[in-house]
Amino acid sequence: WMVVAGKEFADHLWSPRFLILLIVLGLAALIPMYFVADAIRTAAQALNGQSSIFLFMFTVAPSVGDTGVQIPSALSFVSIVGPLLGIVFAFDAVNGERSGGTLPRLLSQPIFRDDVINGKFAAGLSVIALVLTLVVGVIAAFGIIRLGIVPGAEDILRIIFWLIVTFLYVSIWLAFGLLLSVLVRGAATSALIGFGTWLLLTVFGGLITGVVKNVIAPVTGTL
């Protein structure tokens with residue numbers, strides 16, 4: 001599986017998909033920082049000596065001028081885009097090989113079928129981890145250079161822990177995309193099912209969990 005992962009990782013790095021995602025995520029990380037810079041600088045001056053000022057760059061949702069339009073914070077943006085990354089790098093991992101005619105030649109080699117799937121999973125997760133780490137590095141560099149806010153040891157540890165949890169969360173969607181690529185023969189169909197599931201859970205997830213919560217453990221009486 002390591003051989004498959006290495007080949008898939010190299011293919012992902014030089015693919016237009018990776019470059020486009022890197023540019024889009026980079027712009028999505030820098031644009032909120034541009035609008036939130038003054039607010040963070042003011043907060044840093046007012047809270048001088050307090051901890052975790054550096055993490056404001058990841059949690060503050062800035063407003064665009066006087067328009068009232070609010071841009072999602074970096075934390076909210078990653079929570080929305082993370083599942084999409086998992087689906088994008090996995091929805092055609094196996095059925096794309098099948099439609100391209102390379103899957104029979106690949107499986108004719110002395111390799112197990114689960115090694116092919118595990119290698120593709122490891123390669124996709126490695127690329128996503130690289131992209132998210134680069135985005136976090138860009139945000140951190142912006143805060144250090146533009147705002148002069150230096151992170152402390154606690155801030156760095158919290159960011160690392162958040163990245164690890166984010167990788168685990170994205171890996172669930174990556175595994176779901178791989179499952180679709182195995183079960184569904186058409187890449188377009190698996191992409192449609194994956195994006196539809198993501199949209200359903202993103203838009204109606206809170207409503208669904210609220211209904212289930214009220215059925216299982218309804219809140220009665222006063223606070």
Side-chain angles (χ1 to χ4, degrees), residues 1-26 28-29 74-75 77-138 156-202 205:
W1 69 267
M2 296 180 65
V3 176
V4 176
K7 180 63 169 62
E8 289 288 325
F9 183 78
D11 291 341
H12 284 320
L13 284 183
W14 295 106
S15 66
R17 182 187 306 179
F18 173 78
L19 296 177
I20 291 173
L21 286 175
L22 188 60
I23 294 174
V24 170
L25 289 178
L75 185 67
F77 181 77
V78 170
S79 67
I80 296 174
V81 176
L84 290 179
L85 291 177
I87 296 174
V88 165
F89 280 99
F91 75 92
D92 60 345
V94 176
N95 49 24
E97 298 268 8
R98 183 188 292 116
S99 62
T102 57
L103 186 61
R105 282 183 288 175
L106 177 61
L107 295 179
S108 65
Q109 305 299 318
I111 186 174
F112 294 103
R113 288 176 292 180
D114 55 345
D115 287 335
V116 175
I117 297 176
N118 292 336
K120 290 179 176 293
F121 176 83
L125 186 59
S126 299
V127 172
I128 295 173
L130 177 62
V131 172
L132 292 178
T133 303
L134 287 176
V135 170
V136 171
V138 168
I156 296 176
L157 289 176
R158 292 172 70 176
I159 292 175
I160 292 175
F161 180 75
W162 172 70
L163 276 175
I164 293 174
V165 174
T166 303
F167 297 158
L168 294 176
Y169 174 60
V170 173
S171 67
I172 297 175
W173 288 92
L174 182 66
F176 176 65
L178 270 173
L179 176 64
L180 293 177
S181 71
V182 173
L183 298 180
V184 182
R185 286 186 172 271
T189 305
S190 61
L192 184 62
I193 296 174
F195 293 140
T197 304
W198 167 82
L199 185 63
L200 176 65
L201 295 179
T202 301

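Atom set for the values below is all heavy atoms of this structure, side chains included, hydrogens, waters and symmetry mates excluded. The first residue in the sequence is number 1, and the count goes up from there.
With hydrogens and angles ignored, the 3.5 Å screen pairs no side-chain donor or acceptor of Thr202 with any backbone N or O of Leu199. Not a single donor-acceptor pair under 3.5 Å links the side chain of Trp198 to the backbone N or O of Val81. With hydrogens and angles ignored, the 3.5 Å screen pairs a side-chain donor or acceptor of Ser190 with a backbone N or O of Phe91.
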Residues Val78, Val135; criterion side-chain contact (heavy atoms from CB on, under 4.5 Å); working and verdict: CA-CA 10 Å; Val78 170; Val135 170; 5.5 Å; no
Full working for side-chain contact (heavy atoms from CB on, under 4.5 Å) between Trp14 and Leu19: CA-CA 8 Å; Trp14 295 106; Leu19 296 177; over 6 Å; no
Criterion side-chain contact (heavy atoms from CB on, under 4.5 Å) on Ile172 and Leu168, from CA distance to verdict: CA-CA 7 Å; Ile172 297 175; Leu168 294 176; over 6 Å; no
Trace of the side-chain contact (heavy atoms from CB on, under 4.5 Å) decision for Leu13 with Leu130: CA-CA 10 Å; Leu13 284 183; Leu130 177 62; 3.8 Å; yes
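When all heavy atoms of Ala123 and Ala5 are compared, the pair lying nearest together is CB-O, 3.4 Å. Scanning all heavy atoms of the two residues, the minimum distance from Tyr169 to Pro83 falls at OH-CG, 3.4 Å. Nearest approach of Val4 to Val116, heavy atoms of both residues: CG1-O, 3.9 Å. Across every non-hydrogen atom of Arg185 and Asn95, the tightest pair is O-CB, 3.2 Å. Closest approach of Ala122 and Ser126 over heavy atoms only: O-OG, 2.7 Å.
To the nearest 0.5 angstrom, Ile193 atom CD1 is 11.5 Å from Ser181 atom OG. One distance of note links CD1 of Ile128 with CZ of Phe167; it measures 9.5 Å at 0.5 Å rounding. Rounding to the nearest 0.5 Å gives a distance of 13.5 Å between CZ of Phe112 and CD1 of Ile117. Distance check, rounded to the nearest 0.5 Å: CG of Leu179 to CH2 of Trp173 gives 12.5 Å.
Inter-residue side-chain proximity for Phe121 and Leu174 is flagged as met; some heavy-atom pair is nearer than 4.5 Å. Thr166 places a side-chain heavy atom less than 4.5 Å from the side chain of Trp162. No side-chain heavy atom of Phe89 sits under 4.5 Å from any side-chain heavy atom of Val131. Using a 4.5 Å cut-off on side-chain heavy atoms (C-beta onward), Thr197 and Leu180 make no contact.
Annotation: side chain to side chain donor-acceptor pair (under 3.5 Å) contacts of Asp11 (sequence neighbours excluded): Lys7. For Thr133, the side chain to side chain donor-acceptor pair (under 3.5 Å) test picks out no residue, with sequence neighbours left out.
Counting only residues at least two apart or in different chains, side chain to side chain donor-acceptor pair (under 3.5 Å) contacts with residues 83-92 comprise Arg17-Asp92.
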